[in-house]
Structure formats: structure tokens, C-alpha cells
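For reference, the structure discussed in these notes is given below.
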Amino acid sequence: MSAKVWLVGAGPGDPELLTLKAVRALREADVVLIDDLVNVAVLEHCPRARVIPVGKRGGCRSTPQAFIHRLMLRYARQGKCVARLKGGDPCIFGRGGEEAQWLRERGVEAELVNGITAGLAGATQCDIPLTLRGVARGVTLVTAHTQDDSQLNWQALAQGGTTLVIYMGVAKLSEIREQLLAGGMATDTPVAMIENASLPQQRECLSTLSAMDEAAFRFQLKSPAILVIGAVAACATQSLWACDLPVMAADQSA
Ligand code: SAH
């Protein structure tokens with residue numbers, strides 16, 4: 001007998017940003033495997049479940065992914081309903097697709113449940129519209145961190161005209177700055193850096209591309225944080241720290 005594994009996005013932190021479907025999965029779960037970036041406040045929806053922390057700080061430092069796979073499989077094969085809770089959305093830099101496929105290949109039913117990804121939540125928390133008529137016709141989500149050292153096409157990102165939302169960028173700020181400048185992005189492009197988006201301890205820092213790593217250093221920006229790079233970042237309203245930036249308004253003629 002084998003029950004189901006829900007691969008659930010827990011959103012960026014604010015428990016009110018959980019989906020109703022995520023809440024249903026939590027209510028049904030016998031076992032909840034919870035990642036580091038998930039706000040434990042969401043566990044109020046699964047009072048009877050066994051909760052197992054599986055983040056890198058949760059005690060499975062070596063081969064964590066294989067360990068998590070085995071745990072999910074073991075509980076599912078015991079007939080238990082498992083909820084694997086991930087920060088944000090399970091399929092945005094979250095391995096949700098890989099885990100679903102791995103489980104299905106072993107005959108376990110897996111269902112993915114969207115969560116609000118940190119990049120969207122961080123921008124919205126500061127009133128930044130990631131797309132804006134006449135200003136930004138699209139948005140690109142990228143991670144600054146790769147396991148295989150493969151390079152992003154920074155020139156395409158710099159010149160693509162979309163808002164850039166960068167995950168896992170705190171340790172790579174100077175590289176991001178250098179690459180985007182080298183790719184032709186304007187030095188005064190607004191940059192918003194949002195730490196702990198949607199949580200009570202959220203902080204935001206507004207700067208420009210040329211000054212972003214210096215600003216982040218003085219602000220003591222820490223992970224987890226999202227970078228929003230592009231003209232729309234000048235719309236940020238909640239900024240504690242801002243340099244002189246033009247006021248941005250939607251182009252009503254578009
Ligand atoms: N699946 C997640 C992303 C996991 S990658 C999602 O969809 O949001 C981890 C990165 O996400 C962090 O390094 C950080 O860049 C970002 N992140 C996650 N939670 C965040 C939060 N509350 N505030 C700001 N950034 C966050």
C-alpha cells in the first residue's frame with residue numbers, strides 16, 4: 001500500500017500567503033517534511049502530523065537530497081500521507097519537479113501545490129510591480145547560485161528589457177553587478193534588495209546597479225533576500241534606505 005506525497009509550496013513566510021490547497025494538504029498529512037525557509041507558523045494547520053525538519057540546518061548535511069527522497073518513499077510505502085513543505089513555490093528553485101518525477105518513477109502518487117514564490121512576494125511587499133505598462137514588459141527569475149558553475153547569459157539578461165528577480169544572490173552581489181554592467185545595463189538602474197520578505201523582520205534596501213554591493217554591505221543585507229533589478233524597482237515605497245531615484249509612474253499612454 002502506498003499513499004500520496006504532496007509537494008507543497010509554503011509561500012515566502014507570511015502564513016496568510018498559504019494557498020487553500022496547501023492548507024488541505026497539511027490537514028491530510030500524517031508526516032510533514034519541512035525545509036529551512038518554511039515559517040513554522042504554518043504548522044498550525046497540521047497539529048496531528050509528525051513534523052520532520054529536513055533542511056540543510058535540520059540534521060541531514062550529507063547527501064540531503066537522497067536522504068529526503070528515502071524518507072518520502074519510506075513513509076509513502078507505509079501508507080502514510082506525506083506533505084513535503086518547501087519555501088515559496090516548489091518548482092521555483094525548489095526541486096519540486098525532480099522530486100515528483102523521482103516518486104512517480106517508484107510508483108508513488110505525487111502532487112505539486114503552488115506557493116507564492118519569494119521573488120513575487122518580495123516585490124509586492126514593497127509595492128514594486130514586476131511588470132508595468134510602458135516600463136517593463138516581462139520579468140525574468142534567475143538564481144545566482146549554481147552547483148555546476150555554469151554561466152548565465154548576463155549580456156542577454158542585461159539587455160533583455162525585463163525586470164530581473166535574482167534568488168540566492170547575497171553572496172554574489174559584486175559578481176552580479178560586474179556582469180550586468182559589462183553586459184551593458186545602465187549604472188543607475190534601480191535595485192531593490194528585500195530580506196525576509198513577508199515576515200515581520202522584513203527589511204528593504206533600495207540602491208542602483210553601480211552602488212548595490214556597497215549599499216548592501218552598509219545595510220548588512222543577509223540571506224534570504226531577493227534582488228529586484230530594473231526600472232520598476234524605483235516604485236519601492238517601504239524603503240528604509242534609499243538613494244535619490246526618479247519617481248516612477250505607470251505610462252498611462254501605453
Ligand atoms: N522555492 C523558493 C526559492 C528557494 S531558493 C521560492 O519559490 O521562493 C532560496 C532563495 O529564495 C533564497 O536564497 C532567497 O533568495 C529566496 N527567498 C526565499 N524566501 C525568502 C524570503 N522570505 N525573503 C527573501 N528571499 C527569500
Side-chain angles (χ1 to χ4, degrees), residues 6-19 21-22 25 32-42 53-58 64-65 68 83-100 110 112-128 130 139-148 152 157 163-177 191-207 212-213 215-216 219-230 233 236 238-241:
W6 296 86
L7 298 158
V8 183
D14 178 354
E16 287 194 326
L17 292 176
L18 273 180
T19 65
K21 198 162 188 176
V32 176
L33 306 182
I34 181 169
D35 266 2
D36 281 336
L37 284 177
V38 174
N39 183 354
V40 290
V42 304
V54 293
K56 290 200 181 73
R57 282 160 257 161
Q65 197 56 40
I68 293 165
R84 165 95 170 94
L85 257 191
K86 292 164 175 287
D89 186 274
C91 292
I92 301 292
F93 312 123
R95 297 182 181 222
E98 282 170 49
E99 291 182 7
L112 287 155
V113 180
N114 281 123
I116 295 181
T117 188
L120 303 191
T124 303
Q125 292 294 318
C126 304
D127 294 336
I128 298 172
L130 290 174
V139 52
T140 308
L141 309 186
V142 290
T143 173
H145 178 85
T146 52
Q147 278 181 342
D148 56 2
L152 287 164
L157 293 172
T163 305
L164 299 184
V165 175
I166 303 189
Y167 291 68
M168 292 175 262
V170 174
K172 302 255 174 140
L173 289 172
S174 44
E175 183 188 334
I176 293 166
R177 171 182 173 276
V191 177
M193 298 175 257
I194 306 123
E195 179 185 298
N196 282 311
S198 86
L199 289 161
Q201 66 271 33
Q202 175 178 314
R203 300 194 307 148
E204 319 88 30
C205 171
L206 191 59
S207 184
M212 65 185 254
D213 48 345
F219 182 76
Q220 301 202 317
L221 183 76
K222 293 190 186 62
S223 189
I226 282 290
L227 316 180
V228 178
I229 305 179
Q238 294 189 20
S239 199
L240 304 173
W241 262 51

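All values below come from the heavy atoms of this structure, side chains included, with hydrogens, waters and symmetry mates left out. Note that ligands are numbered from 1 as they come in the structure, with each ligand's atoms numbered from 1 the same way.
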Looking only at distance, does Tyr167 have an N or O less than 3.5 Å from an N or O of ligand 1?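 N/O-N/O distance below 3.5 Å does not exist for this pair.
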CD (Gln201) with more than 12 external heavy atoms under 6.0 Å: yes
For the residue pair Gln65 / Glu99, report whether a side-chain donor-acceptor contact shorter than 3.5 Å exists. yes
To the nearest 0.1 Å, how far is [atom] from its closest protein heavy atom, and which atom is that?
atom                    : answer
atom 13 (O) of ligand 1 : Met168 CG, 3.2 Å
atom 4 (C) of ligand 1  : Phe93 O, 3.5 Å
atom 25 (N) of ligand 1 : Ile226 CG1, 3.4 Å
atom 15 (O) of ligand 1 : Ala225 O, 2.7 Å
atom 22 (N) of ligand 1 : Pro12 O, 3.0 Å

First locate atom [atom1] of [X], then atom [atom2] of [Y], and finally report the distance between them rounded to the nearest 0.5 Å.
X      : Y      : atom1 : atom2 : result
Leu7   : Cys91  : CG    : SG    : 8.0 Å
Met193 : Leu206 : CE    : CG    : 8.0 Å
Glu195 : Leu227 : CD    : CG    : 11.5 Å

So which atom in Gly97 and which in Leu112 form the shortest heavy-atom distance, rounded to 0.1 Å?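 What the structure gives for the nearest pair is N-CD2, 4.5 Å.
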Nearest heavy-atom contact between Val54 and Ile68 is O-CD1, 3.6 Å
What atoms of ligand 1 come within less than 4.0 Å of a heavy atom belonging to [X]?
X      : answer
Leu37  : 9 (C), 18 (C)
Ile92  : 1 (N), 2 (C), 3 (C), 6 (C), 7 (O)
Thr117 : 6 (C), 7 (O), 8 (O)
Ile194 : 24 (C)

Looking only at heavy atoms of [X], does any of them come nearer than 4.0 Å to an atom of ligand 1?
X      : result
Ser198 : no
Gly13  : no
Gly87  : yes

Are the side chain of Thr163 and the backbone N or O of Leu130 linked by a donor-acceptor pair below 3.5 Å? yes
Counting heavy atoms only, which of Gly94, Gly11, Ala118 is nearest atom 8 (O) of ligand 1?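 It is Ala118 whose heavy atom sits nearest to atom 8 (O) of ligand 1.
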Candidate with minimal heavy-atom separation from atom 23 (N) of ligand 1, of Gly9, Ala197, Ala171: Ala197
Might you work through the side chain to side chain contact (heavy atoms under 4.5 Å, CB included) test for Gln202 and Ile194, ending with a clear yes or no? CA-CA 7 Å; Gln202 175 178 314; Ile194 306 123; 4.1 Å; yes
Select one of side chain, backbone, both or neither to describe which atoms of Ile166 lie under 4.0 Å from any atom of ligand 1, heavy atoms only.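 For Ile166, there is no contact with ligand 1 at all, from either part.
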Under the side chain to side chain contact (heavy atoms under 4.5 Å, CB included) criterion, do Asn39 and Asp14 qualify, and how do the steps go? CA-CA 7 Å; Asn39 183 354; Asp14 178 354; over 6 Å; no
